[in-house]
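Step one of this worksheet: look at the structure below.
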Amino acid sequence: MTDRFSIFTLLGEALSGHRGWKPQWRDPAPKPHYDVVIVGGGGHGLATAYYLASQHGIGNIAVVEKGWIGSGNVGRNTTIVRSNYLLPGNIPFYEWSLKLWEGLEQDINYNAMVSQRGVLNLYHSDGQRDAYARRGNAMRLHGVDAELLDRDAVRAKLPFLDFDNARFPIMGGLLQPRGGTVRHDAVAWGYARAADRRGVDILQNCEVTGIRIEGGRATGVETSRGFIGAGKIGLACAGNSGRVAAMAGLRLPIESHVLTAFVSEGLKPLIDCVVTFGAGHFYISQSDKGGLVFGGSIDGYNSYAQRGNLPIIEDVCEEGMALMPALGRLRMLRHWGGVMDMSMDGSPIIDRTDIGGLYLNAGWCIGGFKATPASGWCFAHLIARDEPHRVAAAYRLDRFATGRLLDEAGAGADVALH
Amino acid sequence: MRLTCPHCGNRGIEEFAYGGDADRRRPDGEPFGQAWMDYVYLRRNPAGAHREWWYHASGCRAWLVVTRDTTTHVVASVQEVAR
Ligand SMILES: Cc1cc2nc3c(=O)[nH]c(=O)nc-3n(C[C@H](O)[C@H](O)[C@H](O)COP(=O)(O)OP(=O)(O)OC[C@H]3O[C@@H](n4cnc5c(N)ncnc54)[C@H](O)[C@@H]3O)c2cc1C
Ligand SMILES: [Zn+2]
């Protein structure tokens, strides 16, 4: 059996008719008890299990997933990774995530197609330029790469944008060269495979329906495949965080909203970085298959529907046309939605709860894919050592009561504005 | 998704602005504490029936209370807020 991926195993398999590939993870029956049960087999849950095993030497772990791994947002996002944040509580965390992305493929021996093609945020006014300069400076002070480009530099990179748009002329952009894209479902598969190799049980089609609490301590989960006892439980349920936390009687500073992504028909290489439109909310990149991948804002009202509505589709297409008129010649191939855990300040939560042995990882809003490695790393640290990791120390659940919010957008408790 | 406004009839959702959970209760005169924390930040966020505010911004400008299923977008009722 071919166990390790390398150029040699690939060539060997090519020559022997690809008959040696085996399933990349087991399909075990649930054990009655695990030291740690992670609820949610998305990117964050799988990464947490992997780092619990690889960094903290915990052997007896299960990831419990109601559908199949990768069926949630980890397989629905637009694959952008970056660390271009402003606030001190956020920059070190997202930069640590980007560093983990940079070494991920070697670490887990899996091709996740990490592509540091650059993320460019366009600005369209003097005020926006100043705000971007400030953000770029904050990044540089934290040792993160950032370059402020003027209009000519942007034009040299992307000559086909609408620079002289009457309402939103492009004046320049803030570039993070180390940002880029990562193949999203390969991240789920790669972490699953790496975790499985370290003995983690990945239990698919196993929905958590209740959390058992005895004497103020969480002792296990009721699932569609029976009760599973647990020494510690970590919730990483993204858009369903509110529902699952409610099983333990918790109410969260979170609303679930739908976000839509789009892909066009394939075309020859055109856009070699990620570009965001600064006068609204629109971003675009090109997948390795050639399709243009783009998206915009959340629909803006509570939803668990995993599908969006037509006004956002119209809105996103209008913004795309304002940025890049040539888009009008393309056909849209498909669009799909995912349910986002929108927190009240736009930043995530990685923290203990009031219930012993119950840990929470939630509130990733529309940008949690880039956080996957660091989220797993820091959540594993918290669960294993019962203390927050340094770079995630600001992601406390009680910050809403204490006023220590992490509101990058300065928008207040209105999730549609984050 | 469309909403049937009591004044304007059946209209596209893009004419309305969302106002969130209509069952939150603003504390009356209390100092900042758990009640305010609940009101400002915590959400029931149900999967299923949700009573929520919608403002008919591009229409009659009435505030409406809509009961909608957050898993299917099926609207059970639309009521104008009593003055
Ligand atoms: C359209 C779209 C575009 C996006 N674009 C980007 C982007 O470009 N960059 C970026 O950084 N982020 C992006 N995001 C956000 C990012 O995808 C999410 O923040 C991130 O994937 C959430 O973490 P996760 O991978 O663990 O979530 P998920 O993959 O959703 O994992 C949660 C899992 O929990 C499971 N679950 C839920 N309830 C239960 C239960 N009761 N029992 C068992 N299991 C349960 C779900 O089935 C799911 O598999 C985007 C999201 C969407 C929808
Ligand atoms: Zn009306």
**Beyond-backbone contact of A:Arg251 with B:Arg44, side-chain heavy atoms, under 4.5 angstrom** = yes

**Asked** Under 3.5 Å, is there a donor-acceptor pair between the B:Asn45 and A:Ser256 side chains?
**Response** yes

**Item:** Top contributor to chain A interface from B:Glu52, B:Arg43, B:Gln34, B:Met37 [non-hydrogen pairs under 4.5 Å]
**Value:** B:Arg43

**Message:** Measuring from atom OG1 of B:Thr70 to atom OH of A:Tyr304, what distance do you get when rounded to the nearest 0.5 angstrom?
**Reply:** 6.5 Å

**Message:** To the nearest 0.5 Å, what is the distance between CE on B:Met1 and CG on A:Asn309?
**Reply:** 6.5 Å

**Item:** Non-hydrogen side-chain atoms of B:His73 and A:Ser303 separated by less than 4.5 Å
**Value:** yes

**Request:** Taking atom CG of A:Asn205 as the centre, report whether more than 12 heavy atoms of other residues, nucleotides or ligands fall under 6.0 Å from it.
**Result:** yes

**Asked** What is the distance from atom CZ of B:Arg68 to atom OH of A:Tyr301, rounded to the nearest 0.5 Å?
**Response** 6.5 Å

**Prompt:** Does B:Leu42 reach the side chain of A:Met344, with side-chain heavy atoms less than 4.5 Å apart?
**Reply:** no

**Request:** With rounding to the nearest 0.5 Å, note down the distance linking CD in B:Glu14 to CD1 in A:Ile312.
**Result:** 10.5 Å

**Request:** Check the pair B:Tyr18, A:Asp299 against side chain to side chain donor-acceptor pair (under 3.5 Å), reporting the backbone distance first and the verdict last.
**Result:** CA-CA 10 Å; B:Tyr18 186 59; A:Asp299 276 29; over 6 Å; no

**Prompt:** Using non-hydrogen atoms only, which part of A:Ile254 is less than 4.5 Å away from chain B: side chain, backbone, both, or neither?
**Reply:** both

**Prompt:** Which region of A:Leu405, side chain (C-beta onward) or backbone (N, CA, C, O), has a non-hydrogen atom less than 4.5 Å from a non-hydrogen atom of chain B, or is it both or neither?
**Reply:** side chain

**Request:** Return yes when atom CZ of A:Arg225 has more than 12 non-hydrogen atoms of other residues, nucleotides or ligands closer than 6.0 Å, and no otherwise.
**Result:** yes

**Request:** Identify which part of B:Trp36 has an atom lying under 4.5 Å from any heavy atom of chain A, answering side chain, backbone, both or neither.
**Result:** neither

**Item:** Option in A:Gly242, A:Ser343, A:Ala401, A:Gly412 with maximal non-hydrogen atom pairs under 4.5 Å from chain B
**Value:** A:Ala401

